[in-house]
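Note that the numbering runs from 1 along the sequence shown for the chain.
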Amino acid sequence: MNHRIAAALLAAAALALTACTADSGSESKPKQNATPVSPQPSVEMGTAKVSSTPPQIAGLTAKQASVELADATGVTTLGNPADNTTSCSNKAAGKKASTNDCSQLITTDTVSIYEYKTPKAAAHWVDAMKANGDWRQVDRFALAWTARDQKMTSKERRVELVVALKKAIAKQR
């Protein structure tokens, strides 16, 4: 079994277990000018077949962020991008939605990019998952380096990715 897939499944299981017990019940409201975006149709990324993603707040998506981060770091892709939203969203997996569900998850060989509806939800997961590896919050996104290949990403590159994501978010505003 591919180690990246195994790591993603392990992270998904941890997320699912935490989502069942960690719903804070109170969530900060998105900006007044934020508008929901319709779900995207099925697409293929890498080897993963992707179904429709849950509605998102207008602005940068995890998929767009992966492209922006690759461009900012001078590479074509971050390595085998795959949409694994169903592993971090009860709603995308066909279950009852949780306020802490992710809106989108793009996993790559370099980093996993989790998109949430609010910075509060992102902070919740970064705090909950730090014991499993390096997780960093950038606004309503979480960047994680928990899979085998991701763990080989240098500390300098991780900082570069965080800075690039901050710039990409600022461009969207």
Side-chain angles (χ1 to χ4, degrees), residues 4 8 11-12 15 19 27-46 48 50-93 97-130 133-147 150 153 156-173:
R4 189 169 59 105
L15 286 171
E27 187 171 358
S28 62
K29 300 281 182 197
K31 290 184 177 181
Q32 295 255 352
N33 62 354
T35 56
V37 176
S38 299
Q40 300 298 316
S42 294
V43 295
E44 293 255 355
M45 284 187 66
V50 180
S51 61
S52 295
T53 56
Q56 309 161 358
I57 302 301
L60 190 69
T61 65
K63 182 177 178 181
Q64 292 167 333
S66 71
V67 172
E68 292 274 341
L69 295 179
D71 186 52
T73 56
V75 296
T76 306
T77 73
L78 297 174
N80 298 312
D83 188 321
N84 288 304
T85 304
T86 56
S87 68
C88 71
S89 169
N90 288 337
K91 183 176 180 179
S98 166
T99 58
N100 289 320
D101 278 356
C102 76
S103 298
Q104 189 174 49
L105 167 59
I106 302 297
T107 57
T108 73
D109 292 340
T110 306
V111 64
S112 290
I113 306 164
Y114 293 81
E115 175 193 354
Y116 296 96
K117 291 179 183 133
T118 66
K120 183 178 180 179
H124 164 80
W125 285 115
V126 168
D127 289 342
M129 298 303 290
K130 277 188 177 179
D134 188 1
W135 280 65
R136 301 180 194 186
Q137 180 185 356
V138 179
D139 196 70
R140 61 187 184 85
F141 292 87
L143 300 179
W145 294 270
T146 54
Q150 294 170 348
T153 303
E156 295 79 15
R157 177 54 58 106
R158 294 175 191 207
V159 169
E160 188 178 3
L161 292 167
V162 168
V163 170
L165 183 54
K166 287 179 182 178
K167 288 179 182 178
I169 291 168
K171 273 191 336 189
Q172 294 285 319
R173 292 191 171 151

Requested in this report: Give, for atom OG of Ser103 and atom CD of Glu115, the distance between the pair rounded to the nearest 0.5 Å.
Outcome: 4.5 Å
Query - Atom pair CE/NE2 of Met129 and His124 - distance to nearest 0.5 Å - result: 9.5 Å
Report task. May I ask you to test the Thr85-Gln104 pair for a side-chain heavy-atom distance under 4.5 Å? Result -> yes
Report task. Apply the test side-chain hydrogen bond (donor to acceptor under 3.5 Å, both in side chains) to residues Ser98 and Asn100: give CA-CA distance (whole Å), side-chain angles for both, the deciding distance (0.1 Å), then the verdict. Result -> CA-CA 5 Å; Ser98 166; Asn100 289 320; 4.6 Å; no
Requested in this report: Working to the nearest 0.5 Å, report the span between CG of Asp71 and CG of Leu78.
Outcome: 10.5 Å
Query raised in the report: Could you state the interatomic distance from CD1 (Ile106) to CG (Asn80), rounded to the nearest 0.5 Å?
Result: 12.5 Å
Requested in this report: Just do the side-chain contact (heavy atoms from CB on, under 4.5 Å) check on Val138 and Ile169 with the steps written out, would you?
Outcome: CA-CA 9 Å; Val138 179; Ile169 291 168; 3.7 Å; yes
Query - pair Asp134-Arg158: side-chain heavy atoms closer than 4.5 Å - result: yes
Query - Student check: side-chain heavy atoms of Ile113 and Leu105 closer than 4.5 Å - result: no
**Report entry** Minimum side-chain heavy-atom gap Lys167-Leu69 below 4.5 Å
**Finding:** no
**Report entry** Min side-chain heavy-atom separation Phe141-Leu60 under 4.5 Å
**Finding:** yes
Query raised in the report: Under 4.5 Å between any side-chain heavy atoms of Cys88 and Asp101, yes or no?
Result: no
Query - Non-hydrogen side-chain atoms of Thr146 and Trp135 separated by less than 4.5 Å - result: yes
Query raised in the report: Do Gln150 and Ser112 have side-chain N/O donor and acceptor atoms under 3.5 Å apart?
Result: yes
Query raised in the report: Any side-chain heavy atom of Leu161 within less than 4.5 Å of one from Thr73?
Result: yes
Query - Arg157 to Trp145, cation-pi by 6.0 Å centre distance and 45° axis angle - result: no
